[in-house]
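Remarks on the structure that follows.
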Amino acid sequence: MQRSIDFNCDLGEGCANDADVMPFISSANIACGAHAGDIASMRATLRLCAAHGVSAGAHPGYADREHFGRRALALSREQIRSLLHEQLERIAEIALAEGVALVHVKPHGALYNEAAADAVLADAIAEAVRSFDPELILVGLADSRLIAAGLAHGLRVAHEAFTDRRYQSDGSLAARSQPGAVIESVDAAIAQALAIVRGESIACIDGTALRVHADTLCLHGDGSDAAGFAGSLRAAFDDAGVMVRCLQR
């Protein structure tokens with residue numbers, strides 16, 4: 001049985017529960033001002049990371065606040081590079097001023113989901129991250145095109161799985177528009193998380209079984225009770241003897 005896992009959450013997105021979630025996680029994906037967030041929220045979230053010993057990462061997304069970065073946009077390779085560099089430069093500057101190391105990059109929303117399946121987009125993202133800082137860890141959907149692209153560019157990667165989302169049988173995430181795609185039950189989220197950590201099969205949205213390899217598990221920070229979810233999951237990890245450890249450069 002795997003005895004350790006990184007536990008991450010998307011934060012700095014204006015959900016007002018970051019301080020309550022932070023004590024339970026090991027890595028934070030911080031919105032960089034495109035789909036959500038601003039200089040003040042980035043600074044505040046980085047300070048929370050420092051106070052709780054949580055690894056800080058960039059969470060760049062499409063510049064589309066109206067749709068929270070969850071709408072796919074048709075951008076050229078150069079536009080993708082500029083999109084990522086602008087956001088990475090913004091958060092890296094603040095992190096440097098706060099004395100916090102930036103450890104990883106995890107794309108947000110539609111950018112993340114598209115890159116999991118689109119090799120061209122995945123390569124553009126990986127190249128942009130490598131050119132900005134080749135020491136950053138690229139976080140992507142487990143065994144996806146984004147992971148493959150990161151490896152091809154010589155980056156360290158982290159295969160990510162989700163505690164509160166259902167999967168399709170091909171390993172992709174079920175669309176949020178599908179009934180049952182978001183796991184609302186704490187018990188069901190705990191069961192899925194522990195199964196993934198143990199290398200056991202989980203139930204897909206269509207009832208089929210799937211095994212998901214993961215270096216890091218994500219809990220979304222925009223849920224109605226994200227802090228309660230995070231606390232319950234962390235307690236379950238502790239009870240099961242699973243060490244929660246952060247991503248490190």
Side-chain angles (χ1 to χ4, degrees), residues 1-31 36-37 41-42 44-59 100-106 108 112 137 139-142 157-167 173 181-203 210-249:
M1 173 182 172
Q2 183 177 335
R3 292 291 181 180
S4 66
I5 194 73
D6 178 53
F7 184 26
N8 78 74
C9 190
D10 304 338
L11 298 175
E13 296 179 323
C15 297
N17 55 16
D18 293 9
D20 295 326
V21 170
M22 197 69 76
F24 303 114
I25 63 174
S26 51
S27 294
N29 318 307
I30 304 170
S41 64
M42 282 183 270
T45 311
L46 286 162
R47 288 178 178 177
L48 284 172
C49 287
H52 292 277
V54 169
S55 287
H59 196 38
V100 177
L102 203 61
V103 175
H104 66 278
V105 178
K106 173 190 168 181
H108 165 81
Y112 178 100
I137 300 168
V139 178
L141 187 68
V157 299
H159 295 252
E160 183 178 44
F162 290 80
T163 64
D164 55 2
R165 293 288 301 278
R166 292 294 183 196
Y167 284 81
L173 295 177
V182 178
I183 298 174
E184 305 286 354
S185 163
V186 175
D187 289 342
I190 289 172
Q192 177 158 298
L194 290 178
I196 291 170
V197 172
R198 290 168 175 157
E200 300 169 354
S201 297
I202 61 172
L210 176 72
R211 287 189 178 181
V212 181
H213 166 68
D215 303 307
T216 183
L217 288 175
C218 177
L219 172 72
H220 286 96
D222 57 350
S224 58
D225 186 24
F229 247 59
S232 296
L233 281 161
R234 186 62 184 262
F237 292 145
D238 292 342
D239 290 345
V242 176
M243 179 183 296
V244 174
R245 49 96 181 109
C246 61
L247 297 174
Q248 296 181 331
R249 290 177 70 114

Within-4.5 Å side-chain heavy-atom neighbours: L194 and E200: no
Flag for R165-Q192: side-chain donor and acceptor within less than 3.5 Å: no
Check: K106 main-chain N/O paired with Y112 side-chain donor or acceptor under 3.5 Å: no
Criterion side chain to side chain contact (heavy atoms under 4.5 Å, CB included) on H59 and H108, from CA distance to verdict: CA-CA 6 Å; H59 196 38; H108 165 81; 3.2 Å; yes
Side-chain (D215) to main-chain (H159) donor-acceptor, under 3.5 angstrom: yes
Residues in side-chain contact (heavy atoms from CB on, under 4.5 Å) contact with A101, at least two apart in sequence or another chain: none
Beyond-backbone contact of F229 with V21, side-chain heavy atoms, under 4.5 angstrom: no
Donor-acceptor pair between S27 and N8 side chains, under 3.5 angstrom: no
Distance-minimising heavy-atom pair for R234 and P23: NH1-O, 4.2 Å
Sidechain-backbone polar pair: D164 side chain, L219 backbone, donor-acceptor under 3.5 Å: no
Contact check, side chains of D6 and R245, non-hydrogen atoms, under 4.5 Å: yes
Worked verdict on L217 versus L233 for side chain to side chain contact (heavy atoms under 4.5 Å, CB included): CA-CA 11 Å; L217 288 175; L233 281 161; over 6 Å; no
I196/I5 under side chain to side chain contact (heavy atoms under 4.5 Å, CB included): CA gap, chis, key distance, verdict: CA-CA 10 Å; I196 291 170; I5 194 73; over 6 Å; no
Side-chain touch L173/Y167, heavy atoms, less than 4.5 angstrom: yes
N/O donor-acceptor pair under 3.5 Å between T163 side chain and C218 backbone: yes
S26 (side chain) donor-acceptor with V244 (main chain) under 3.5 angstrom: no
With A191 via side-chain contact (heavy atoms from CB on, under 4.5 Å) - residues at least two apart: none
Side chain to side chain contact (heavy atoms under 4.5 Å, CB included) evaluation trace for V103 with I137: CA-CA 6 Å; V103 175; I137 300 168; 4.0 Å; yes
R249 (side chain) donor-acceptor with L102 (main chain) under 3.5 angstrom: yes
